[in-house]
Peer 1: 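Once you've had a glance at the structure underneath, I'll fire off some questions.
Order of the sequence lines sets the chain letters (A, B, ...), proteins ahead of strands, with each chain counted from 1. Side chains are part of it too, since the values below use all heavy atoms of this structure and drop only hydrogens, waters and symmetry mates. These numbers come from a predicted model, not from an experiment.
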2 protein chains.
Amino acid sequence: MELSGVGRVILGSLQRVPRSGYEIKRLVDHSTRFFWAASYGQIYPELRRLEQAGLVAGTSEPTGERRRTVHRLTPKGRRALRAWLVAPDLSYELRDEGLLKLFFAGALAPDEAVALVRSVRLQHEAVLERLLEIQEESAGRRPRFPSYVLAYGIDMHRWMAKWFADLERQLAAEVTAKEEVA
Amino acid sequence: MELSGVGRVILGSLQRVPRSGYEIKRLVDHSTRFFWAASYGQIYPELRRLEQAGLVAGTSEPTGERRRTVHRLTPKGRRALRAWLVAPDLSYELRDEGLLKLFFAGALAPDEAVALVRSVRLQHEAVLERLLEIQEESAGRRPRFPSYVLAYGIDMHRWMAKWFADLERQLAAEVTAKEEVA
DNA sequence: CCTTCCATGTAACCGGTTACATGATTGC
DNA sequence: GCAATCATGTAACCGGTTACATGGAAGG
């Protein structure tokens with residue numbers, strides 16, 4: 001009974017607090033989406049499958065006339081979550097269009113290559129800004145491990161922005177050097 | 001006429017040298033797959049679509065009795081490649097199971113958390129080793145921008161391995177501190 | 001001879017996004 | 001009264017992987 005991608009996020013999200021599907025989605029959008037996204041189209045059907053498999057249990061907790069189902073981990077679900085967490089394999093997938101363009105940047109004029117590198121840097125700086133905002137929003141209230149992950153994201157995008165800034169300077173210097181010769 | 005994901009890799013791969021579908025796949029597996037993968041199931045059908053759209057042209061160049069179609073960029077294909085390269089938008093998608101587990105690591109015992117962080121570090125070190133091998137294999141023969149991208153991958157995984165090594169030390173120190181109290 | 005590599009393809013499947021539909025609640 | 005948010009869901013679509021099938025060539 002292998003745990004699916006969304007299944008992992010859901011079980012993890014329910015680890016400490018019971019939540020509605022909507023709340024799970026909101027949590028994901030504010031946190032894991034930077035390294036593990038999930039959409040409604042996955043969450044709601046998967047909640048049903050997890051319930052069917054006995055890993056989560058849903059109880060109706062409406063707010064007024066608005067129906068609302070809150071899901072919590074069953075002991076079996078808790079075991080499945082732990083089993084996944086201690087399992088040794090770790091997948092890592094990246095789709096970075098900036099790197100792909102840089103890889104093929106030989107087809108560009110020198111100044112166009114500089115512009116490309118610049119836009120990659122700006123992209124990482126934009127993510128960095130967003131992550132810093134999130135960090136301020138939650139100030140002290142974030143639990144330990146989530147705060148580590150956030151710190152990692154911040155450090156990482158800072159590092160990336162710097163790497164591309166360095167390359168940008170180098171390429172830009174070459175462009176100016178050529179102009180001076182001409 | 002928006003260029004698809006595989007379409008970008010294919011056009012880029014044909015930028016300097018005409019190639020067969022098999023050769024494209026091999027190139028991808030040795031280079032872009034770390035940040036942009038592509039399978040046979042995508043490459044061959046997409047080559048047909050690109051030919052239909054007039055972006056690439058295939059010519060039959062068999063080796064002996066073994067049929068072989070070599071594809072090259074048409075002027076239209078070259079324009080499409082350049083248009084994509086200079087377009088401002090850059091997608092960035094990450095699926096990092098190590099980060100996801102770390103995010104939920106509150107469900108683990110302290111020593112289990114250390115083991116997790118250690119395995120994430122080892123994972124990045126393994127990728128790093130692989131990238132260093134690739135770097136040696138191709139020594140001087142790699143074109144400029146691909147070598148930048150390779151250097152980036154190496155620096156990045158080195159940085160990541162170090163980040164997790166630091167966290168690992170910190171968490172391990174806490175475990176030992178607790179043991180001494182007990 | 002046998003294995004590995006070159007070479008081309010496809011069908012089934014799966015995971016995930018997008019877009020839409022519906023309706024109650026809260027706060028301005 | 002209106003907009004934003006809470007809340008649940010699904011159908012159509014798309015992108016991508018896996019597994020398989022076929023067969024020639026090269027090298028030990």
Peer 1: Please report, rounded to the nearest Å, how far the P atom of D:dG16 is from the OH atom of B:Y44.
Peer 2: 18 Å
Peer 1: Short of 4.0 Å, heavy atom to strand atom, which residues of residues 85-102 of chain A count as contacting DNA chain D?
Peer 2: A:R95
Peer 1: I want to verify a distance call: between C:dG9, D:dT10, D:dA7, whose nearest atom is closest to the A:E23 side chain?
Peer 2: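 Output: D:dA7.
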Peer 1: Can you sort out the partners of B:A37 under side chain to side chain contact (heavy atoms under 4.5 Å, CB included), two or more places apart, ordered by chain and number?
Peer 2: none
Peer 1: Starting at atom CD1 of A:I43, determine the distance to atom P of D:dA7, rounded to an integer number of angstrom.
Peer 2: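 Answer to the nearest Å: 14 Å.
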Peer 1: In whole angstroms, how far is the P atom of C:dC13 from the CD atom of A:E2?
Peer 2: 19 Å
Peer 1: For the helix from C:dC1-D:dG28 to C:dC28-D:dG1, what angle lies between the axis at the first five pairs and the axis at the last five pairs, to 10 degrees?
Peer 2: 40°
Peer 1: Specify the residue among A:V70 and B:A37 whose closest nucleotide of DNA chain D lies further upstream toward the 5′ end.
Peer 2: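 Counting from the 5' end, the first nearest nucleotide belongs to A:V70.
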Peer 1: Please collect all salt bridge (charged side-chain N to carboxylate O under 4.0 Å, His left out) contacts where either partner lies in residues 56-67 of chain A, sequence neighbours excluded, each pair once.
Peer 2: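 Qualifying pairs, neighbours excluded: A:E61-A:R72.
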Peer 1: For D:dG16, take OP1 and OP2 only and decide whether either is under 4.0 Å from a side-chain N or O of B:S39.
Peer 2: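 Indeed not, no polar side-chain atom of B:S39 lies that close.
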Peer 1: Distance check, rounded to the nearest 0.5 Å: B:L131 atom CG versus B:M156 atom CE?
Peer 2: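 That separation rounds to 8.5 Å.
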Peer 1: Give the nucleotide from the list D:dG9, C:dT10, D:dT17 with an atom nearest to the side chain of B:P45.
Peer 2: C:dT10
Peer 1: Filter on side-chain hydrogen bond (donor to acceptor under 3.5 Å, both in side chains), then keep only pairs touching residues 45-57 of chain A, sequence neighbours left out; what's left?
Peer 2: A:S4-A:E46, A:E46-A:R49
Peer 1: Please figure out whether B:R48 or A:W36 has its closest DNA chain C nucleotide nearer the 5' end.
Peer 2: B:R48
Peer 1: A:Q42 has an atom CD; how far is it from atom C1' of C:dT18, in whole Å?
Peer 2: 12 Å
Peer 1: Taking the basic N atoms (NZ, or NE/NH1/NH2) and the acidic carboxylate oxygens, is any pair closer than 4.0 Å for B:D166 and B:R169?
Peer 2: yes
Peer 1: Show every ring-ring contact (aromatic ring centres under 6.0 Å, His included) that has at least one partner inside residues 110-131 of chain A, sequence neighbours left out.
Peer 2: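 Only A:H124-A:H157, A:H124-A:F164, A:H124-B:Y92 qualify under ring-ring contact (aromatic ring centres under 6.0 Å, His included).
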Peer 1: Can you list every ring-ring contact (aromatic ring centres under 6.0 Å, His included) pair that touches residues 13-41 of chain A, not counting sequence neighbours?
Peer 2: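 Listed by first then second residue: A:Y40-A:Y44.
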Peer 1: With sequence neighbours excluded, give me every side-chain hydrogen bond (donor to acceptor under 3.5 Å, both in side chains) pair touching residues 102-119 of chain A.
Peer 2: A:E112-B:R82
Peer 1: Would you say A:R19 places a side-chain N or O within less than 4.0 Å of OP1 or OP2 belonging to D:dA7?
Peer 2: no
Peer 1: Before accepting this row, confirm whether a basic side-chain N of the pair B:R144/A:E174 lies closer than 4.0 Å to the acidic partner's carboxylate O.
Peer 2: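 So B:R144 pairs with A:E174 through a salt bridge.
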Peer 1: Can you check the A:Y40 OH to D:dT8 P distance for me, whole Å?
Peer 2: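 To the nearest whole Å, that distance equals 9 Å.
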Peer 1: When the distance from CD1 of B:I10 to P of D:dG16 is rounded to whole Å, what number comes out?
Peer 2: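 Distance check: B:I10 CD1 to D:dG16 P gives 11 Å.
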Peer 1: Using the side chain to side chain contact (heavy atoms under 4.5 Å, CB included) criterion, which residues pair with A:A172? Sequence neighbours excluded.
Peer 2: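 Per chain and number, A:A172 pairs via side chain to side chain contact (heavy atoms under 4.5 Å, CB included) with A:V114.
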Peer 1: Expressed as a whole number of angstroms, how long is the span from B:R68:CZ to C:dG9:P?
Peer 2: 13 Å
Peer 1: At 4.0 Å (heavy atoms only), tell me whether A:T69 reaches a base, stays on the sugar-phosphate, or touches nothing.
Peer 2: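 Sugar-phosphate contact only - A:T69 comes under 4.0 Å of backbone atoms but never of a base.
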Peer 1: So B:S20, base contact, sugar-phosphate only, or nothing? Heavy-atom distance under 4.0 Å.
Peer 2: sugar-phosphate
Peer 1: Any side-chain N or O of B:Y22 below 4.0 angstrom from OP1/OP2 of C:dT8?
Peer 2: no
Peer 1: Please report the distance, rounded to the nearest Å, between CD in A:E51 and P in D:dG9.
Peer 2: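 In whole Å, D:dG9 P and A:E51 CD are 10 Å from each other.
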Peer 1: Mind listing the N/O atom pairs, protein and nucleotides 21-24 of chain C, below 3.5 Å?
Peer 2:
residue: C:dA24; atom: O3'; partner: A:R66; partner atom: N; Å: 3.4
residue: C:dA24; atom: N3; partner: A:R66; partner atom: NH1; Å: 3.2

Peer 1: Quick one: salt bridge (charged side-chain N to carboxylate O under 4.0 Å, His left out) pairs with a partner in residues 95-105 of chain A, sequence neighbours left out?
Peer 2: A:E97-B:R8
Peer 1: Salt bridge (charged side-chain N to carboxylate O under 4.0 Å, His left out): which pairs involve residues 33-45 of chain A, sequence neighbours left out?
Peer 2: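 Counting only pairs at least two positions apart or across chains, no salt bridge (charged side-chain N to carboxylate O under 4.0 Å, His left out) contact touches residues 33-45 of chain A.
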